[in-house]
A.B. asks: 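Please read through the structure below; I'll follow up with questions.
Predicted model, so just to flag it, every value in this text is computed and none were measured.
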Amino acid sequence: MMAKDDRFRITFLGATRTVTGSMHRLDVRQHGFLIDCGMFQGRRHESMHRNRNLPLKAVQADALLLTHAHIDHCGNIPTLVKRGFVGNVHCTSATADLCGAMLKDSARLQLADARWLNEKYADDPNWEPIEPLYDEDDVKRAMERFIPHDYEEVFELSPVAHAHFIDAGHVLGSASAIIDVKLNGHRRRVAFSGDIGRRNMPILRDPIPPQNPDYVVMETTYGNRMHAPSELMQDQLYDVIKTALSRGGKIIIPSFALERTQEIVFALNQLRKAKRLAAIPVYVDSPLAHNLTQVFRRHGECFDSETIAFDDEHGDPFGFDMLTFVNSVDESKQLNEKPGPMIIISASGMCEGGRIVHHLRNSIEDDKNTIVIVGYQAQHTLGRRIVERHPRVRIFGVDRDLFAQVRVLNAFSAHADRDELLWWTDACGSQVRQHFLVHGDEDQSQAFQGHLEQRHKRAVVPRENEVIDLVY
Ligand SMILES: [Zn+2]
C-alpha cells in the first residue's frame with residue numbers, strides 16, 4: 001500500500017473519449033496540479049450542468065498549467081476561480097494575452113446566452129432564470145492569477161515538482177506541459193501534449209515532441225484520420241479564390257477567430273505581395289479576430305522562420321493594402337449593401353452564431369457567391385448542412401435556397417493527423433511506460449491505441465474520473 005505522502009497519480013477529469021472540456025489532474029505527494037480547465041461544449045443541459053459543477057479535485061488544485069487559449073482548454077478558468085481556486089495559472093506569455101481576449105468574448109457569449117434563454121422561457125412557470133456562467137469581472141479576477149512564462153523556462157510547482165512548456169505548434173503560444181518529478185531518489189517526467197499541431201503550418205514553428213518522458217497524456221483528435229499536406233493550404237485557397245472571383249460575387253469564409261483567421265489573412269497577404277491576388281477588398285468581420293490579431297503582432301517570438309523573413313521583408317504579416325478589419329455593427333451591416341467581388345472572413349467557424357450568419361443569409365441564394373469552408377463542421381450545425389449541400393437551409397428561422405457555390409478546403413487543420421501523431425510519439429523516445437489517450441472521440445482514441453500497440457507501445461484510453469497510480 002502506498003503511503004499517503006507518496007502519491008503520484010493522474011485523474012482524468014475531462015476530454016476522455018470526447019474532444020471537449022479538457023481537464024486532468026496530476027498529484028505529486030500532497031500537491032495537486034491541474035492541466036487545463038476547458039469548457040465543455042455539447043448538448044445544452046449537459047454542458048450547463050458540467051460547466052457549473054466543477055469537481056472539488058479541480059477547485060482545490062494548487063496550481064493550473066494551461067496548454068493553450070482555445071475555449072475547450074481555458075474556457076472554464078473563470079468558473080474555477082469563482083468557485084474558490086486560489087492557485088496560479090501558468091502558461092506561455094502569448095497564451096496569457098490570447099486568453100484575455102478569448103475569455104472576455106466568452107463572458108459576453110455567456111451573458112447573451114443566459115438572456116436569450118430567460119426570454120425564451122419567460123412564460124414557462126417551471127423555468128428558473130439562469131445566471132451567466134461567468135461575467136467580465138470574473139474574467140478579470142481569473143486573469144490576475146495568470147503567470148506568463150517563456151518556452152523552456154523552468155518553474156517550481158512544489159519542492160519535488162518542476163515544470164516547463166515546449167512548443168506544440170497548434171495555435172499561437174500553444175504548448176505541451178512537461179512536469180519533472182523527483183520522488184524517493186527517482187526522477188520521472190510526465191508530459192501533457194495539449195493539442196498537437198502540424199509540421200509546416202503557416203506562422204507557427206513545428207511541434208516539439210517531449211524528450212524521454214516516462215508517461216505521456218496525449219490528444220488523439222485525428223487518431224485515425226489523415227489530412228491533405230499543410231503545404232497545400234495557400235494553393236488550395238488561391239485556386240478557390242481565382243474561380244470564385246471569375247463569377248464576380250462575394251467570397252464568404254466562415255473562420256475560427258483564433259489562428260485560422262490569421263492563417264488566411266497571412267496567406268492572402270503572401271498572394272497579394274506575390275502579385276497573384278488582384279486588388280479586391282478583403283474584410284475581416286469579427287472584433288474578436290481583430291483583437292487576437294493584435295496579440296499575434298505582439299508575439300513575433302512565436303513565429304517560424306518563414307513568417308519572420310516575411311515580416312523583415314514586407315512588414316506586418318497580418319496587414320496589406322486591400323485588408324480592412326471591421327469592428328462596428330454598422331460597418332458590418334454596410335458590407336451587405338456593397339456589391340462583389342470581395343472576400344469576407346467572419347466568425348463563428350461553424351456558422352452557428354455571430355456576424356457570419358448575417359453574411360450567409362445575404363449571400364446564400366445567389367449562385368455568383370462562393371462559401372469557402374476551411375474548418376471542421378460539427379454535426380447539427382449550419383456549417384455542416386452547408387458542407388453537405390442541403391438544397392434548403394434554415395437561417396434565422398427562415399428556409400433559404402443554397403444556390404451559392406460551396407468549396408471545402410481540407411488542408412486547413414490545426415491538429416496533427418494519424419501519421420503526425422505517430423511521428424510525435426516515436427520522437428518521444430523509447431522509455432515511455434504508458435500513453436494515456438485523451439481528447440478524441442472514442443473511435444479515434446481506440447484506433448490510435450491499436451496503432452501504438454502495433455509499434456509495441458503501451459497505451460490506454462482512460463474513462464472520465466478514472467484515477468491511475470503512476471510508478472516511480
Ligand atoms: Zn486547441
Side-chain angles (χ1 to χ4, degrees), residues 12-24 35-42 66-75 167-172 174-177 191-201 204 206-210 216-230 233 255-256 258-260 263 349-350 373-381 383-384 387 408-428 435-452 457 459-464:
F12 296 92
L13 297 170
T16 50
R17 300 175 186 232
T18 179
V19 292
T20 189
S22 269
M23 188 160 56
H24 317 294
I35 293 85
D36 291 341
C37 184
M39 189 175 286
F40 184 89
Q41 296 159 310
L66 172 62
T67 60
H68 65 289
H70 273 148
I71 287 298
D72 63 322
H73 291 258
C74 73
D167 204 331
H170 166 67
V171 296
L172 193 84
S174 66
S176 300
F192 293 85
S193 72
D195 287 356
I196 304 171
R198 312 181 63 194
R199 285 178 287 171
N200 303 317
M201 269 183 37
L204 305 175
D206 292 352
I208 299 173
V216 172
V217 179
M218 68 178 291
E219 71 120 323
T220 48
T221 314
Y222 295 110
N224 203 29
R225 279 195 208 119
M226 297 295 293
H227 305 313
S230 45
M233 284 160 88
S255 174
F256 299 108
L258 171 55
E259 199 67 37
R260 190 61 40 83
E263 284 171 9
M350 296 196 203
I373 301 290
V374 290
Y376 175 73
Q377 305 299 318
Q379 274 188 351
H380 314 300
T381 60
R384 176 65 79 93
V387 166
V408 179
L409 305 189
N410 57 3
F412 285 84
S413 174
H415 282 275
D417 64 17
R418 181 198 67 206
D419 285 359
E420 288 165 326
L421 289 175
L422 286 170
W423 163 81
W424 190 91
T425 52
D426 283 345
C428 283
H435 299 82
F436 301 101
L437 308 181
V438 297
H439 200 291
D441 287 329
E442 199 164 31
D443 61 319
Q444 296 294 312
S445 301
Q446 284 175 343
F448 196 71
Q449 179 185 25
H451 296 312
L452 286 181
K457 296 181 201 282
V460 291
V461 182
R463 292 185 183 277
E464 186 167 278

A.B. asks: For Phe256, enumerate each residue passing the side chain to side chain contact (heavy atoms under 4.5 Å, CB included) test, keeping only those at least two apart in sequence or located in another chain.
C.D. replies: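 Testing Phe256 for side chain to side chain contact (heavy atoms under 4.5 Å, CB included), a comparison that skips the adjacent residues, returns Arg260, Met350.
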A.B. asks: Please check: side-chain N/O of Gln446 versus main-chain N/O of Gln444, any donor-acceptor pairing under 3.5 Å?
C.D. replies: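 Looks like no, no N/O pair under 3.5 Å.
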A.B. asks: Can you name the residues that form a side-chain hydrogen bond (donor to acceptor under 3.5 Å, both in side chains) with Glu420, not counting sequence neighbours?
C.D. replies: Arg198
A.B. asks: Considering residues at least two apart in sequence or located in another chain, which fulfil the salt bridge (Lys or Arg N to Asp or Glu O under 4.0 Å) criterion with Asp167?
C.D. replies: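 For Asp167 the salt bridge (Lys or Arg N to Asp or Glu O under 4.0 Å) partners, ignoring immediate neighbours, are Arg205.
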A.B. asks: Tell me whether Asn200 contacts the main-chain N or O of Ser230 through its side chain, where contact means a donor paired with an acceptor under 3.5 Å.
C.D. replies: no
A.B. asks: Would you please name every residue forming a ring pair (Phe, Tyr, Trp, His ring centres under 6.0 Å) with His451, sequence neighbours left out?
C.D. replies: none
A.B. asks: Among all residues two or more places apart in sequence or in another chain, which pass the side-chain hydrogen bond (donor to acceptor under 3.5 Å, both in side chains) test with Asp419?
C.D. replies: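 Result, side-chain hydrogen bond (donor to acceptor under 3.5 Å, both in side chains) vs Asp419: none returned.
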A.B. asks: Mind checking the CE-NE2 spacing from Met201 to His415? Nearest 0.5 Å is all I need.
C.D. replies: 9.5 Å
A.B. asks: Report the residues that fulfil side chain to side chain contact (heavy atoms under 4.5 Å, CB included) with Ala427, sequence neighbours left out, ordered by chain and then residue number.
C.D. replies: Pro209
A.B. asks: So which atom in Trp424 and which in Val216 form the shortest heavy-atom distance, rounded to 0.1 Å?
C.D. replies: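 In this case the closest contact between Trp424 and Val216 is CZ3-CG1, 3.8 Å.
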A.B. asks: Within the structure provided, determine whether Glu442 and Val461 are in side-chain contact (heavy-atom separation under 4.5 Å).
C.D. replies: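 No, side chains not in contact.
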A.B. asks: Using every non-hydrogen atom in the two residues, find where Ala191 and Pro210 come nearest and quote the distance to one decimal.
C.D. replies: CB-CG, 3.7 Å
A.B. asks: Classify the angle between the aromatic ring planes of His70 and His170 as parallel (below 30°), tilted (30 to 60°) or perpendicular (above 60°).
C.D. replies: perpendicular
A.B. asks: Kindly write out the residues that satisfy side chain to side chain contact (heavy atoms under 4.5 Å, CB included) with Thr67, not counting sequence neighbours, or none if the list is empty.
C.D. replies: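 Partners of Thr67 by the side chain to side chain contact (heavy atoms under 4.5 Å, CB included) criterion, ordered by chain and then number, come out as Ile35, Asp36, His73.
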A.B. asks: So, do Arg463 and Thr16 sit near enough that their side-chain heavy atoms are less than 4.5 Å apart?
C.D. replies: no
A.B. asks: Output the distance between atom CD (Gln377) and atom CZ (Arg384), rounded to the nearest 0.5 Å.
C.D. replies: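 Gln377 atom CD to Arg384 atom CZ measures 8.0 Å (nearest 0.5 Å).
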A.B. asks: Is it the case that the side chain of Thr220 and the backbone of Val438 share a donor-acceptor pair, with hydrogens and angles ignored and the cut-off at 3.5 Å?
C.D. replies: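 Side chain of Thr220 to backbone of Val438, a donor-acceptor pair under 3.5 Å: yes, one is there.
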A.B. asks: Short question: side chain of Thr20, backbone of Gln41 - any donor-acceptor pair under 3.5 Å?
C.D. replies: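 Yes, the answer is positive, given that a donor and an acceptor are paired below the 3.5 Å cut-off.
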A.B. asks: Is the backbone of Asp206 close enough, under 3.5 Å, to the side chain of Arg199 for a donor and an acceptor to pair up by distance?
C.D. replies: no
A.B. asks: By salt bridge (Lys or Arg N to Asp or Glu O under 4.0 Å), which residues pair with Arg418, not counting sequence neighbours?
C.D. replies: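 In terms of salt bridge (Lys or Arg N to Asp or Glu O under 4.0 Å), with neighbours along the sequence ignored, Arg418 is linked to no residue.
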A.B. asks: Considering non-hydrogen atoms only, spot the tightest contact between Ala69 and Cys74 and give its length.
C.D. replies: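 Shortest heavy-atom separation between Ala69 and Cys74 comes out as O-SG, 3.5 Å.
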A.B. asks: Please identify each residue that fulfils side-chain hydrogen bond (donor to acceptor under 3.5 Å, both in side chains) with Ser174, with sequence neighbours left out.
C.D. replies: none
A.B. asks: Are the side chains of Leu409 and Met233 in touch, meaning some heavy atoms are under 4.5 Å apart?
C.D. replies: no
A.B. asks: Can you give me the closest heavy-atom contact between Pro229 and Ala411, atom names plus distance?
C.D. replies: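 The answer is O-CB, 3.6 Å.
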A.B. asks: Which residues pass the side-chain hydrogen bond (donor to acceptor under 3.5 Å, both in side chains) test with Asp72, sequence neighbours left out?
C.D. replies: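 Per chain and number, Asp72 pairs via side-chain hydrogen bond (donor to acceptor under 3.5 Å, both in side chains) with His439.
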A.B. asks: Look up atom CG in Asp441 and atom OH in Tyr222, then write down how far apart they are to the nearest 0.5 Å.
C.D. replies: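 Going from CG on Asp441 over to OH on Tyr222, the span is 9.5 Å.
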A.B. asks: Distance from Leu421 atom CG to Arg225 atom CZ, nearest 0.5 Å?
C.D. replies: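 The distance works out to 12.0 Å.
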A.B. asks: Among residues at least two apart in sequence or on other chains, which ones pass ring pair (Phe, Tyr, Trp, His ring centres under 6.0 Å) with Phe436?
C.D. replies: Phe12
A.B. asks: Please name the pair of heavy atoms, one in Ala416 and one in Gly197, separated by the smallest distance, quoted to 0.1 Å.
C.D. replies: CB-O, 3.3 Å
A.B. asks: Please name all residues satisfying side chain to side chain contact (heavy atoms under 4.5 Å, CB included) with Leu452, sequence neighbours left out, ordered by chain then number.
C.D. replies: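 Side chain to side chain contact (heavy atoms under 4.5 Å, CB included) check on Leu452 returns Leu422, Thr425, His435, Leu437, Phe448, Lys457, Ala459.
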A.B. asks: Mark yes or no for whether Glu259, through its side chain, and Leu172, through its backbone, hold a donor-acceptor pair below 3.5 Å.
C.D. replies: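 Looks like yes, one N/O pair under 3.5 Å.
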A.B. asks: Which value, rounded to the nearest 0.5 Å, describes the distance between Ser22 atom OG and Ile71 atom CD1?
C.D. replies: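 Here the rounded value is 12.5 Å.
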A.B. asks: First locate atom CD1 of Ile196, then atom OG of Ser176, and finally report the distance between them rounded to the nearest 0.5 Å.
C.D. replies: 6.0 Å
